[in-house]
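Quick caveat, the model's predicted, so the values are computed rather than measured. Every chain is numbered from 1, with letters handed out A, B, ... down the list of sequences.
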Amino acid sequence: MLPYPAPMVELDTLVSLCKRRGFIFQSSEIYGGLGSAWDYGPLGVELKRNLKDLWWRDNVHRREDMVGLDAAITMHPKVWEASGHATHFADPFTGCQDCGRHYRADKQDEASQSSKWIQAIRKVIEGPAGQKDPDRALRNWARSDGKKLAPNLPWVKNPDDPAPIPNRPEWLNGRCPACGGSLSEPKPANLMLRTTLGPVEATGTVIYLRPETAQGIFVNFDNVLQATRKKLPFGIAQIGKSFRNEITPGNFTFRTREFEQMEIEYFCAPGIDEEWHQKWIDERHAWYLRYGLRNENLRLREHAKDELAFYAKRCVDIEYLFPMGWSELEGIANRTDYDLKQHAKVSGRPLTYFDEERKEHIVPYVIEPSGGVDRAALAFLINAHHEEEVRGEKRVVLKLHPELAPIKVAVLPLLKKRDDIVSCAKEICAAMRRRWAALYDDSAAIGRLYRRQDEVGTPYCVTVDVQAVGDPEKGEAADRKVTIRDRDSMEQIRVPIAELTDVFPELLAGGWNRVATRYPPHAPGS
RNA sequence: GCGGGCGUAGUUCAGUGGCUAGAACGUCUCGUUGCCAACGAGAAGGUCGUGGGUUCAAAUCCCAUCGCCCGCUCCA
């Protein structure tokens, strides 16, 4: 769809366009803004809906092995005990007071001991000079390598201080692994957003806003199984908001504390899980390509063993090359039977599937393709943004896939002073609006109207000119034909008004080239 | 959370103690033109992020606060 590489848009440029044209606004802007929250404006909401609708259509409606679900954001507190979030999402953190780095308190000693500067110190102490006079050897190190490796160790800062230097590595626990600075007391960190259920705060139940939509699917596994009589393998899809107290939100809508997920939990028999995992990786990768993400800006990244979440057997991220670097769009994990087993254990309810062939109850394995809606929307916007030179002028154009574009067609009068042209254009727009997001605009010259639509990614413009309605003064009859202009090529064809609604489904499926061969090109000025 | 940078019109920015805070683009109106950001005339739009302080006088200096960006860090 996009045959040539384009320089990547700066995030600031995109933020500005998004605000100017009504894609994305900062949350609560009139009050100075709320960090980490963004509102989708009139065009943004269309883009996001299109994205979710396509995902739902492709992953639920067009597959016989998938059903949908919409679980509540608030869930029983036990859910998070069973899932592991209550413990794994609430680790105490400690921070370096000199360089600001954060560490999980329970892993900090381990990190210190494997840090570069402690290993360097260990070498110094164990070396010949260290065996002879550790204090002197360490002072020498502090004046040389120590300055680079651990600049914030007190005795590296002041190597002339006569106080003895601790000369056993384990005495140095509690220093920052990166710079040697002093660490704060561990503070409890809860990455789940907490609130109270019930109007009276003092007596209300403390609950959490879900940090992922997945658990809503797991706790409904048996309900869905009973209601739909699905057989393995099958999946449950869900789109919805999740919440996390991210330590560092930022990069526009990429990381926010409130975000929307589109998740699938695909249940299959143990033994065929690896095969299904690979199928979903391929399927999801192809999906992003299908709607136009450039192949060279998309990659799969296999999680290393030590990077895997404790429940996962394998995990592959689909990453996009954002302006800030390669970042995750979607993670596809093999969660094994961990979640169903945990919920069965904590709830006391069996969450199993009766395998007719084996005549036994089994706990299915789960493949989880989990994508971020906001991240995908951002990636598609970045991917679509182009700046081109047309007749010495800059043209900004969002080359969004037609199915993602917020507005599918703009109907424009060539002359806004001619009532017959205007009313004809308005009639066409009304007819188009019955099926697609269509827009009428007559507030500027035609060139400007085209560029406005380019900037918001409208794939096609329909223009009503004099020939369409005829010119009584010159005795010319109406030909009842209008021009359709293609956003990306700026080419135009001349199509009978009566055939517009037949042609547009094909155009919106990306079929400009096919349609353009069936109609005569329109030569402006003729 | 730490370090650095920044916050002035819808957008991009100028203005560093002194008249009614400006420009470009965008938006709107009128006229003209009529197929790729045309031209002319006019208009709207800012308590200079917010709060406090210093001063005869603050967009400008100081403090606090909020937000954004970059880096570090964290990330189911």
Side-chain angles (χ1 to χ4, degrees), chain A residues 10-13 15-22 25-37 80 83-85 88-89 91 93-104 111 152 176-179 181 184 187 189 191-192 210-215 242 244-252 255 257 261 263 303 307-312 315 323-324 327-328 331 333 335 338-339 368 370 390-397 412-418 421 443-455 461 463-466 483 485 487 490-492 522-526:
Chain A
E10 296 285 333
L11 213 44
D12 285 350
T13 308
V15 173
S16 163
L17 188 152
C18 283
K19 178 179 182 181
R20 205 154 31 81
R21 294 303 195 185
F25 308 122
Q26 187 178 18
S27 166
S28 320
E29 196 189 70
I30 63 168
Y31 288 103
L34 177 69
S36 164
W80 311 114
S83 70
H85 286 84
H88 290 271
F89 230 57
D91 303 305
F93 276 76
T94 177
C96 173
Q97 291 167 337
D98 291 300
C99 73
R101 289 176 172 83
H102 280 86
Y103 305 95
R104 273 173 58 170
N152 290 325
C176 174
C179 75
S184 65
K187 290 174 201 158
L191 300 185
M192 285 194 286
R210 64 183 177 198
E212 62 176 19
T213 54
Q215 300 304 326
S242 294
R244 291 179 198 170
N245 268 321
E246 297 287 354
I247 296 170
T248 310
N251 286 320
F252 198 23
R255 183 177 284 113
R257 296 197 169 117
Q261 292 184 297
E263 285 197 312
H303 279 219
E307 184 189 359
L308 285 174
F310 60 88
Y311 52 76
C315 184
M324 63 281 189
S327 306
E328 180 186 346
R335 290 179 80 129
Y338 174 80
D339 298 278
E368 178 192 80
S370 169
V390 176
R391 301 185 186 188
E393 297 280 354
K394 190 173 82 171
R395 180 171 89 120
V396 175
V397 51
L412 314 168
L414 188 64
L415 308 177
K416 69 171 162 180
K417 286 292 152 58
R418 289 269 304 251
I421 292 180
S443 65
I446 192 69
R448 181 181 297 269
L449 296 181
Y450 285 150
R451 297 303 169 85
R452 272 187 198 156
Q453 295 308 316
D454 288 342
E455 203 179 18
C461 290
T463 301
V464 181
D465 59 14
V466 182
T483 63
R485 171 201 185 253
R487 175 195 65 203
M490 296 188 285
E491 291 166 1
Q492 288 175 274
H522 175 75
S526 65

Checking A:Leu415 now: which residues fulfil side-chain contact (heavy atoms from CB on, under 4.5 Å) with it, not counting sequence neighbours? A:Arg418, A:Ile421, A:Val466

Name all residues meeting the side-chain hydrogen bond (donor to acceptor under 3.5 Å, both in side chains) criterion together with A:Gln453; count only those two or more places apart in sequence or in a different chain, and write none if there are none. A:Thr458

Could you pull out all residues at least two apart from A:Asp339 that satisfy salt bridge (charged side-chain N to carboxylate O under 4.0 Å, His left out)? A:Arg335

Letter by letter from the 5' end, nucleotides 24-32 of chain B scores (B base, S sugar-phosphate only, - none; protein heavy atoms under 4.0 Å) --SSS--S-

Set of salt bridge (charged side-chain N to carboxylate O under 4.0 Å, His left out) partners for A:Arg451, sequence neighbours left out: none

Which part of the nucleic acid, if any, lies within reach of A:Thr463 when heavy atoms closer than 4.0 Å are counted: base, sugar-phosphate only, or nothing? base

Please encode protein proximity along nucleotides 44-49 of chain B as a string of B, S and -, counting only heavy-atom distances under 4.0 Å. ------

Is it the case that the base of B:C36 and the side chain of A:Arg395 share a donor-acceptor contact (distance under 3.5 Å, atom types as modelled)? no

Under the salt bridge (charged side-chain N to carboxylate O under 4.0 Å, His left out) test, residues paired with A:Glu29 that sit two or more places apart: A:Lys19

Partners of A:Lys394 by salt bridge (charged side-chain N to carboxylate O under 4.0 Å, His left out), sequence neighbours excluded? A:Glu387

For the pair made of CG in A:Asp12 and C1' in B:G5, what is the distance, rounded to whole Å? 12 Å

Tell me, please, which residues at least two apart from A:Ser242 pass side-chain contact (heavy atoms from CB on, under 4.5 Å). A:Arg210, A:Thr213, A:Phe259, A:Gln261

